[in-house]
Structures are given as structure tokens and as C-alpha cells.
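What follows is a set of notes on a single structure, which appears directly below.
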Amino acid sequence: MENFINDWGLTVTTFLPMVGVAVMLLIPKAQEELHKKTALATSLLVAVMGILILTQFDFDATGQLQFAVDHIWIDVINSHYAMGLDGMSLPLVLLTMLVVPLCIIYSWNHFPEPQNPKAFLILILVLETGMIGTFMAQDLVLFFVFFEVVLLPMFFMIAVWGGDDRRYASLKFFLYTLFGSALMLVSFLALYFLSGSESFVLSDLIAAVSSNGVSRTAGLWIFAGMFLGFGIKVPMFPFHTWLPDAHTQAPTVGSVILAAVLLKLGTYGFIRIAIPVLPEAAVEWAPWIGLLAVIGIIYGALGCLAQTDMKRLIAFSSVAHMGFVMLGISTLTDFGINAAIMGMVAHGLITGMLFFIAGSVKERYHTLDINRLGGLLIQAPRMGWIFGLCVMASLGLPGLAGFWGEFPAILSAYNPGNGLPVTTFRVFMVISALGTVLAAGYLLWLLQRAAFGTPKDEFAEDPSITDVTKHEWISWAPFLALIVAIGIYPNLIFRVTDGAVDASLDDCLQVNASELTPEQEEALGCASIYNLHEDHEDHEDHEAGE
Amino acid sequence: MTTQLLTLAFERPAIDWHAVAPELTLLAVGCLITLIDIIFLEKARPYTATLAGLGVLATAIPIITLAMDGVDRVLFDGAYVVDDFALFTKAIFLISGYVIILLSTNYVAEGDYWENEYYGLLLASLMGMVMMSSSRDLISIFVALELLSIPAYLMVAWRKRDARSNEAGLKYYLMGVFASAVMLYGMSLLFGVSGSTQLSEISSFLTNGNVSSVSAITLAIVFVVAGFAFKVSAAPFHTWAPDVYEGAPTPVAAFLSVASKAAGFVALLQLIYVGFHNQSAVYEPLIWILAAASMTFGNLVALKQTNIVRMMAYSGVAQTGFILAPLAVAGHAGLEDQALSAILTYLAIYAAMNLGAFAVIITLSRKTGSAEIESFNGAFRYAPAMTVSMAFFLFSLAGIPPLGGWFAKFEVFSVLASSDDVWGYALAVIAAINSVIALYYYASVARCMWADEAPENDLTPVSTTSSLVSALAICAIVTLAFGVVPQIVGRFADVTLLTLGG
């Protein structure tokens with residue numbers, strides 16, 4: 001068994017959903033019940049595989065790739081089928097495995113128009129393969145393929161099962177992401193050729209770049225290409241405009257998957273590929289990334305205040321929250337990136353949950369217009385309280401998961417990595433801290449308008465407004481439990497991610513020059529860009545000043 | 001030299017019968033079809049398509065034996081060469097030809113068109129293409145080109161009671177002849193300057209000879225390339241394509257957009273690689289402009305199309321730009337073979353996905369009786385399998401993994417990115433932006449078919465035929481297989497044209 005998991009675990013996990021798809025293709029469309037069961041069984045099997053992998057995972061070596069497989073895939077371009085799991089990808093893979101079955105359970109009895117569970121569930125399973133594959137791929141070409149596989153099912157999910165404006169939203173989503181990923185692909189290729197790497201495997205590329213070097217200009221351009229690819233997916237300001245449309249128009253389950261997992265593909269790309277491969281270009285870009293992140297935080301929050309549609313509001317809050325994640329990443333420190341991964345998981349759980357609630361509200365009230373809602377706590381008290389909990393979690397209340405995503409990210413900006421302008425990042429820190437105040441503002445205002453007060457007349461006597469149903473309980477309970485559990489014991493995540501983040505970062509970014517002997521410093525051979533000595537003096541100045 | 005030849009008694013050059021077996025098989029089947037038509041008249045009609053299909057498959061046998069043999073065969077003093085390049089492209093032509101026959105089977109029979117003649121001409125045209133793969137001499141290239149073009153002029157006008165088909169045929173003929181003339185003029189200049197029609201000799205003249213007439217050579221290359229740019233419908237020589245595709249019988253449009261285009265590329269590759277390989281200063285900028293213009297222009301105009309066949313025509317122009325792109329850096333040292341295999345890979349994958357898209361269009365048009373994109377709205381309700389396959393082909397054309405098209409585009413990007421010069425990168429960025437523009441119209445069609453309401457809510461199923469379904473299955477399987485295991489096509493496309501060119 002151990003051997004099987006070791007050699008085949010990741011492959012089976014990734015492609016198991018495709019087996020489910022193959023089975024479902026053979027079942028006639030009319031047997032809806034059977035389709036639902038097959039899809040659920042498949043996604044549960046994937047989750048079981050996830051648990052098996054978890055039991056075999058060596059938590060003392062999270063920095064290393066575990067269960068790694070590496071075979072030649074496309075000989076002519078030196079691309080490998082290289083998969084692996086480390087502490088950075090594990091939380092996100094598990095999140096995916098959790099979200100998919102819960103989404104299937106949630107949609108059990110209420111598939112959005114025009115129904116057709118067969119097609120809908122097949123798309124969800126294809127999505128699952130794409131998402132898990134992206135988090136596990138260790139070869140850039142393979143990563144690119146999985147990264148793109150995700151687009152098609154999401155496009156169809158929005159285009160077919162979406163809201164009134166689905167035609168526009170689905171294409172916008174697709175075009176934005178493809179634009180980024182096309183340039184990202186060019187970057188990958190340029191990186192491969194300029195570094196003279198022997199394959200597209202990430203570890204080979206990192207080794208090739210550090211030994212052969214890539215010229216500064218080329219590095220900056222390549223990083224820019226990747227930045228577009230990942231940044232659009234995150235989405236970062238000013239590339240975020242696809243997100244509110246896609247979220248608003250997508251069916252509930254689509255929004256949940258989009259928020260919980262798809263957005264993370266972008267941030268994951270930064271920490272898995274862009275920063276480890278091109279640390280020096282990352283240092284030069286980081287202040288700009290930080291700037292866009294902070295703009296995103298404030299802009300997203302202000303956007304939220306202006307929304308009248310609940311789903312759109314949550315979508316804009318995603319822009320703000322992903323801003324915190326990106327701020328953590330832009331510090332290029334161990335601390336900041338750990339916070340970012342925590343932020344991704346927390347945002348996945350919390351915003352996923354908020355979209356679930358928005359979907360359920362829409363189903364009961366047939367509108368998401370905040371001005372028409374109200375009194376949820378009276379009409380559906382349990383749902384109202386769950387909503388309240390999620391709002392609190394989202395605004396970063398200590399003791400719930402959201403706090404551990406935001407607070408450390410803000411804190412990490414106080415002390416960015418070597419070579420980054422300290423003052424600038426401290427300004428970012430202050431502005432982003434203001435962002436949390438705005439977040440509290442728009443979220444509490446949302447809660448107040450939607451859940452407090454008395455129901456509006458048009459809905460007061462509506463018998464269809466029921467409290468949380470059985471399916472909703474089943475699909476929500478794990479989310480809520482995790483939000484609380486991670487909130488109380490954040491080490492659940494930090495313990496897993498820390499080793500991997502530390503291993504992925506270039507030593508020069510983190511090292512404290514004053515503690516190094518000259519020999520050690522020479523052995524590291526840090527480029528001047530890291531400003532080891534100036535930075536060090538800078539720190540001392542600040543410390544003296546305080 | 002000519003006078004010498006005249007005075008000698010004609011002596012048959014040695015013929016390697018194995019090497020020319022594919023051409024002879026096609027010829028034999030073509031003759032057989034004509035004979036059967038003369039002898040059995042109407043009675044033979046139902047069997048013609050099958051016979052033609054079997055003939056094409058039979059032609060594949062000598063190709064396989066030649067490939068297993070693995071020896072490069074040179075005939076007629078180097079005018080005709082059977083090497084890996086030739087075999088690979090012949091295989092593309094034959095497989096596309098077979099799929100076209102499957103697509104034509106019911107279309108031609110139900111339209112009550114002249115079946116025997118149709119298949120006879122189709123085989124003749126295929127034979128021209130198969131010959132093109134081996135032609136390494138200006139004369140054999142020209143003969144092959146005319147052999148593949150003239151039947152195509154006729155086939156375009158096959159729906160002779162339809163004015164548009166006649167118009168298309170005439171347009172295609174006039175433009176084609178004009179292009180041939182331009183090309184022939186270029187060839188005559190080449191011959192005049194170098195004193196030989198053989199590409200390898202032209203090449204060695206251009207390398208070693210005392211080239212005093214640079215302008216004549218430049219002019220010659222520009223004319224020859226322009227002539228083939230017409231054949232592959234590269235902008236600005238693409239204007240015939242939309243009208244001809246729309247007017248022609250749809251299977252013929254598929255034939256033109258895949259096989260005929262590939263033949264143009266094969267000729268272009270041979271001319272550039274074997275003939276003027278060291279003239280990269282002339283052809284690289286030329287191809288760069290053609291590629292950038294084709295991609296951008298084709299895509300932008302395709303956005304506005306309401307007729308799917310016209311859209312496919314413009315999408316074909318854009319795809320031509322992609323296929324041309326590696327040639328724009330093919331003169332860089334060390335990139336020659338990589339660019340060649342990128343183009344061949346693209347041609348093979350493009351054949352599968354484009355034919356697949358046409359197969360769906362032909363099938364759905366049987367019900368809708370129209371090629372307007374609107375008429376395909378809501379097809380997901382009544383023809384889910386067709387709609388899913390169409391999505392496959394469209395997104396493959398757009399280059400979305402895991403469908404074949406991504407690898408084709410990937411190879412193109414990969415060549416451009418490894419060129420390590422600004423022009424290469426610039427073209428890569430243009431290509432990247434264009435692949436986004438292209439996605440808009442491909443995805444729009446997919447979205448109409450999936451999400452919109454069927455016109456008049458007519459949900460009666462489409463009637464398919466076994467030959468259409470098999471054509472579709474071949475294309476779908478190949479498209480997916482090329483995407484998931486690109487090694488299949490990558491390995492065969494890994495050929496060279498330089499060893500014999502010298």
C-alpha cells in the first residue's frame with residue numbers, strides 16, 4: 001500500500017475524476033440519480049486518496065517533494081510528467097478535494113437552470129482534475145496544461161448555467177485568463193531557452209537559472225509575462241474586472257469553486273514558479289506587486305461599499321482579500337508567504353462559504369439585491385447566524401481563520417526581504433491595515449442590511465423561505481468546522497507550509513548579513529541586488545530610531 | 001544542355017518502383033474508378049466512394065513499407081526524393097484525403113452530383129499533393145501544383161445549379177491561375193539566374209556562385225513565395241478563401257482548407273529549405289510580415305462573421321499565420337530543424353482539428369440547411385455529442401490544452417522564443433495576443449451551440465450517417481491523442497530537409 005501511494009498516489013488522485021467522467025459518459029442522461037451518485041462517489045474516492053496521501057505524508061520534511069514521479073512526457077521538447085507534493089501544495093490540494101464533493105452535495109437537489117446534471121457534474125469533475133493537477137505539477141509545460149484545462153469547464157459552467165448576463169461574463173473570464181496565460185507560456189519558453197535548462201522540470205530550471213544566469217532585462221521581461229499570467233488569475237488590480245462579472249453570473253457552485261480554488265492557482269503560481277525561479281527579478285518587481293496589492297485592498301473595499309448585489313459585493317471582497325495574499329507574497333519573506341498560503345486557504349473556506357450562502361439566499365428570495373433583503377435572522381435564523389459567523393471570519397476576527405490570513409500578511413510588510421525598500425513596504429503596511437477597517441465596514445454593513453431588521457413586506461409571508469436544509473448542513477458543516485479549527489489552531493496550516501516556503505525561497509532574500517561570517521557570505525554569493533549590507537544598516541537605523 | 005538532350009536517344013531513367021508506388025496506386029485507383037464508371041454506369045455509383053476510400057488506404061501501405069525501410073530514395077537526379085519529410089507529409093495528405101472522402105460520401109450522393117467524376121478528381125488532386133511532397137525541382141513542383149489545383153477548381157464549382165458555387169469556382173480558378181503565373185515568373189527568374197531547375201543546384205549556386213544579380217534573386221524569391229502564399233491563403237493573398245469556401249460544397253471547402261493548404265506549405269518548405277536556404281535575409285522578413293498580417297487580419301475579420309464557413313475561412317487565414325511563423329526565424333543557425341518540425345506538427349494537428357470542425361458543420365447543416373452560426377444555436381439540446389465534439393475542435397483550434405492544438409501552438413512559440421532575437425520575440429507576442437482574439441470567435445460559436453435556445457425550439461435530432469460519424473471519431477480521437485500524448489506526432493515530425501539540400 002505504501003509503495004502504491006508513493007508511486008501512483010498523485011497520478012491516481014489527479015486522474016480519478018476522469019475515470020468518473022468516463023463512466024458518466026456511458027450512463028444515459030435520463031438517469032440523473034445515478035449520475036449524482038457516480039460523481040459524488042468519484043469525488044469522495046479522490047478525497048479518500050487524499051487522506052491516504054495525508055497519512056503517508058512526512059510532516060518532518062515538508063520542504064521536500066514527496067510522492068514524486070518523474071517520467072519523460074514529450075521527448076521533443078524535454079517536458080516531463082513530473083508531479084510532487086510538498087507543504088506548499090498540500091493544503092491547497094486538500095482544500096480542492098474538500099470543496100468538490102461538498103459542491104456536488106450542495107447541488108444535489110437544486111441544479112441551476114437548465115438542469116442537466118450529467119453535463120454539470122462532468123464539468124465539475126474535469127475541473128477537479130485540472131485543479132489538483134495544477135497544484136501537483138512540477139514541470140512547467142505540465143503546469144501550463146493543467147492551468148488551462150481548468151478554463152474550459154468553468155467557461156461552460158458560466159455560459160450555460162449562469163445568470164442573465166452569462167454570455168458576456170463567460171467570455172470575459174475566458175479571454176482575460178487566456179491573455180495572461182498565453183504571455184505566461186511565452187515567458188516559460190523564453191526562460192527555458194535562455195537559461196539553457198535541460199528540461200522544463202522546475203528544479204532543473206531553478207538550477208539552470210542560478211548556475212547559468214539570465215540577463216537582468218530578460219529576467220524582468222520573463223517575470224513580467226508570468227506576472228500577467230498569474231496576476232490576472234489572482235486577480236490583481238487592474239486585471240480584476242473579470243472577477244465580479246464571472247462571480248455574479250456563475251451558478252452558486254461555480255462561484256464557490258472559483259473563489260475557493262481557481263483564484264489560488266494564480267497566487268500559487270507566484271510562490272511555486274515565479275519567485276523561486278527568478279528571485280532577482282522578483283526583488284525588482286516586488287514593490288510594484290506590493291503596490292498593486294495595496295491598491296487592490298483599498299479599491300476592492302471601496303468597490304464593496306458601492307455594491308447593491310450581495311454576490312457582487314462578495315466578489316469585490318475577494319479582490320481585497322487576494323490583495324492581502326499578494327501583499328504577503330510581495331514581501332518575499334518566509335513569514336509573508338506563509339501568511340499568504342494561510343490567506344489562500346482561509347479565503348477559500350470563508351468566501352466559498354459566503355458564496356454558498358448567497359446562493360441559498362438567492363434560491364429563497366430570488367434576488368440578491370441587498371436593499372430588498374433583510375431579516376434573515378428572523379426568517380431563517382440558523383442561516384442568519386452562519387452568515388454572521390462567515391462575515392466575522394471574513395473581516396478577520398481573531399479566533400477565526402480569516403485573521404491568520406490577514407494579520408500576518410500585514411505584519412510581514414514591516415520587515416520585507418533583503419533588497420526590498422523597507423519604507424515603502426511599511427507604508428503599504430499602514431494602508432493595508434486601513435483596508436481591514438474598511439473590510440469590517442462593508443461586511444458588517446452587509447450583515448446589517450441582509451440579516452438584521454425585519455423582512456421586507458414582499459417576503460414576509462413567503463413560505464418558500466426555509467431555514468438551512470439537510471443538504472446545506474452537510475455541505476457547510478466541514479467548512480464551518482475548518483474555519484473555527486484553523487482560527488483556533490493556525491499551526492494546522494503553518495506547520496505544513498513553513499518548511500516548503502523556506503525551501504522555496506532564495507537564501508539571499510532572508511539571510512541576516514550581520515550574522516554571517518565572510519566565508520558564509522561568499523559561499524552564498526548573493527548579487528548586489530539583495531543589498532545585504534545597506535539593508536542591514538537600514539534595519540539598524542530603524543531599530544535605533546525606535 | 002537542351003540541345004544535347006535532343007540529340008540523344010531517349011533513355012528511360014532508372015525508376016525505383018517502390019519509391020513511386022504510392023503515386024502509382026493512386027493513379028491506378030483513379031483509372032479504375034473511371035473505367036468502372038464507363039462500364040457499369042449508374043450501377044457503380046453507390047460503390048465509388050468506398051472504392052476511393054479503399055484506394056487511399058491502399059496507398060498508405062507502400063508509405064508504411066517505405067517508412068519501415070527507412071532509406072532516403074533519390075530519383076531522377078534529385079528531382080524527386082522520398083525521405084522522411086516526404087513520407088510524413090504524404091501520410092498527412094492521405095489521411096486527410098480519406099477523411100474528406102468520408103465527409104463527401106453522403107453529401108455528394110444526396111446532392112445527386114456526379115459521384116464518379118468527383119472521386120476521380122479528388123484522387124487526382126491527392127496524387128498531385130503526394131507528388132508535391134517529393135518534388136525537389138522547379139518543374140516537378142509546378143507539375144504537382146497544377147495537378148492538385150486543376151481538379152480543385154472543378155470540385156469547387158461542383159454544385160453547378162448554384163450560382164454561388166459557380167462564382168466560387170470561377171474566382172478560385174482566376175485567382176489560382178494568376179498566382180501560378182506570378183510564381184512561374186519567379187521560377188523563370190530563378191532558372192535564368194542559376195541555370196538549373198533543381199533546387200539543390202539552385203541552392204549551391206546561390207551559396208557558391210558568383211551572384212551578381214541580387215535583385216533578380218530577391219524578386220524571384222518574392223514572386224515564388226507570393227505564389228504559394230496564395231495557395232496557403234496567407235494575408236494579403238487570402239481574398240479568395242472566404243468566397244470560395246462558402247460557395248464550394250462544404251467537403252471541398254474542408255479539402256481546400258486542410259489538404260490544399262498543407263500542399264502549399266509543403267512546397268514552400270521545400271523551396272525555402274532546399275532551394276534558398278541561405279537567402280534568409282530575403283525570405284525571413286517576407287514571411288514575418290505574411291505571418292503577422294495573416295494572424296492579425298484573419299482573426300480580426302473572423303470576429304465579424306455570421307456564416308460559420310466564412311468564419312472558418314478567416315480562421316484558416318489566421319492559422320496560416322501561425323504555421324508560417326516558425327519560417328520567419330527558420331534561417332537562424334540551429335533552428336532549421338526545429339522550425340521544420342514545428343510546422344509539420346502544426347499541419348498534422350491542424351488537419352485533424354479543422355477537418356473535425358468541418359465534419360460537425362456538415363452534419364449539423366444536414367438538419368439546419370444553413371451555415372449561419374445562428375442556425376446552430378442550442379445544438380447541445382438535440383445533438384449533444386456533436387456539440388461536445390465541436391467544442392473539442394474549436395478549443396483545439398484556439399489552442400486550449402489538453403486538446404491537440406495547444407501542442408501545435410506550443411511548438412510555434414517554442415521556435416520563436418528560442419530564436420533569441422527581438423523579431424522572434426515580437427512575433428511570439430503578436431501570436432500570443434492573436435490566440436486570445438481567436439478564442440473570442442471560437443468560444444462564441446461554442447457558447448451559441450451550448451447555451452442559446454434552438455431556433456423555433458426545434459429539437460428533432462440530426463440524422464447522422466456512419467461515414468460522417470467515423471470521420472468525426474477519427475478527428476476527435478486524433479485531436480485528443482495529439483494533445484495528451486504529443487509525442488506521437490512529435491516523433492514523426494522530427495525530420496530534416498537539410499541533408500539532401502546541401
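Hydrogens, waters and symmetry mates play no part in the numbers below; they use all other heavy atoms, side chains included.
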Problem - Partner chain B: residue of A/Phe179, A/Trp161, A/Tyr176, A/Tyr81 with the largest heavy-atom pair count (under 4.5 Å) - result: A/Phe179
Problem - Side-chain heavy atoms of B/Lys409 within contact of B/Tyr346, under 4.5 Å - result: yes
Practice task
Kindly compute the distance separating CD (B/Glu411) from CD1 (B/Ile323), expressed to the nearest 0.5 Å.
Solution key: 13.0 Å
Fill in the blank from the handout: Scored by heavy-atom pairs under 4.5 Å with chain A, the best of B/Asp452, B/Asp420, B/Val429, B/Ile437 is B/Asp452
Problem - Aromatic plane relationship, B/Phe413 with B/Phe322 - under 30° parallel, 30 to 60° tilted, over 60° perpendicular - result: perpendicular
Fill in the blank from the handout: Cut-off 4.5 Å, heavy atoms of chain A, and the answer for B/Tyr425 is side chain
Exercise for the section: Please flag which part of B/Trp450 lies under 4.5 Å from any non-hydrogen atom of chain A: side chain, backbone, both or neither. Expected result: both
Exercise for the section: Spell out, as yes or no, whether a donor-acceptor pair under 3.5 Å connects the side chain of B/Asn354 to the backbone of B/Tyr350. Expected result: no
Problem - Contact origin within A/Leu185 toward chain B - heavy atom pairs under 4.5 Å - result: side chain
Handout entry: Side chain, backbone, both or neither of B/Phe395 within contact of chain A (heavy atoms, under 4.5 Å)
Key = side chain
Practice task
Name the option with the most non-hydrogen atom pairs under 4.5 Å to chain B; the candidates are A/Ile74, A/Asn116, A/Val160.
Solution key: A/Ile74
Problem - Aromatic centroids of A/Phe135 and A/Tyr268 separated by under 6.0 Å - result: yes
Completion exercise
Honestly, the part of A/Arg166 sitting under 4.5 Å from a heavy atom of chain B is side chain
Completion exercise
Rounded to the nearest 0.5 Å, the CE atom of A/Met131 sits from the OG1 atom of A/Thr96 at a distance of 5.5 Å
Problem - Proximal component of B/Val489, with respect to chain A [non-hydrogen, under 4.5 Å] - result: neither
Fill in the blank from the handout: dist B/Leu439:CG -> A/Phe174:CZ (nearest 0.5 Å) comes out at 4.5 Å
Exercise for the section: Return yes if a side-chain donor-acceptor contact under 3.5 Å exists between A/Ser199 and A/Asp204, otherwise no. Expected result: yes
Handout entry: Side chain to side chain, B/Tyr441 and B/Gln305, heavy atoms closer than 4.5 Å
Key = no
Exercise for the section: Could you tell me whether the side chain of B/Asn377 and the main chain of B/Pro455 form a donor-acceptor pair under 3.5 Å? Expected result: no
Exercise for the section: Identify the residues of residues 138-157 of chain A whose heavy atoms come closer than 4.5 Å to a heavy atom of chain B, ordered by number, or report 'none'. Expected result: A/Val141, A/Phe144, A/Val145, A/Glu148, A/Val149, A/Leu152, A/Phe155, A/Phe156
Problem - Region of A/Ser170 in contact with chain B, defined by heavy-atom distances below 4.5 Å - result: side chain
Fill in the blank from the handout: CH2 (A/Trp221) and CG (A/Leu194) are apart, to the nearest 0.5 Å, by 14.0 Å
Practice task
Mind ranking B/Cys448, B/Ser418, B/Ala451 by heavy-atom pairs under 4.5 Å with chain A and telling me who comes out on top?
Solution key: B/Ser418
Practice task
Would you mind checking which part of B/Leu403 comes under 4.5 Å of any heavy atom in chain A, side chain (CB onward), backbone (N, CA, C, O), both or neither?
Solution key: side chain
Practice task
Can you tell which part of A/Leu175 gets under 4.5 Å to a heavy atom of chain B, answering side chain, backbone, both or neither?
Solution key: both
Exercise for the section: Would you please classify the geometry between the B/Phe407 ring and the B/Phe410 ring as parallel, tilted or perpendicular, with 30° and 60° separating the classes? Expected result: parallel
Exercise for the section: Measure the spacing between CZ of A/Phe173 and CG of A/Leu243 and express it to the nearest 0.5 Å. Expected result: 10.0 Å
Exercise for the section: Using non-hydrogen atoms and a 4.5 Å limit, figure out which bit of A/Ala119 sits close to chain B: side chain, backbone, both or neither. Expected result: side chain
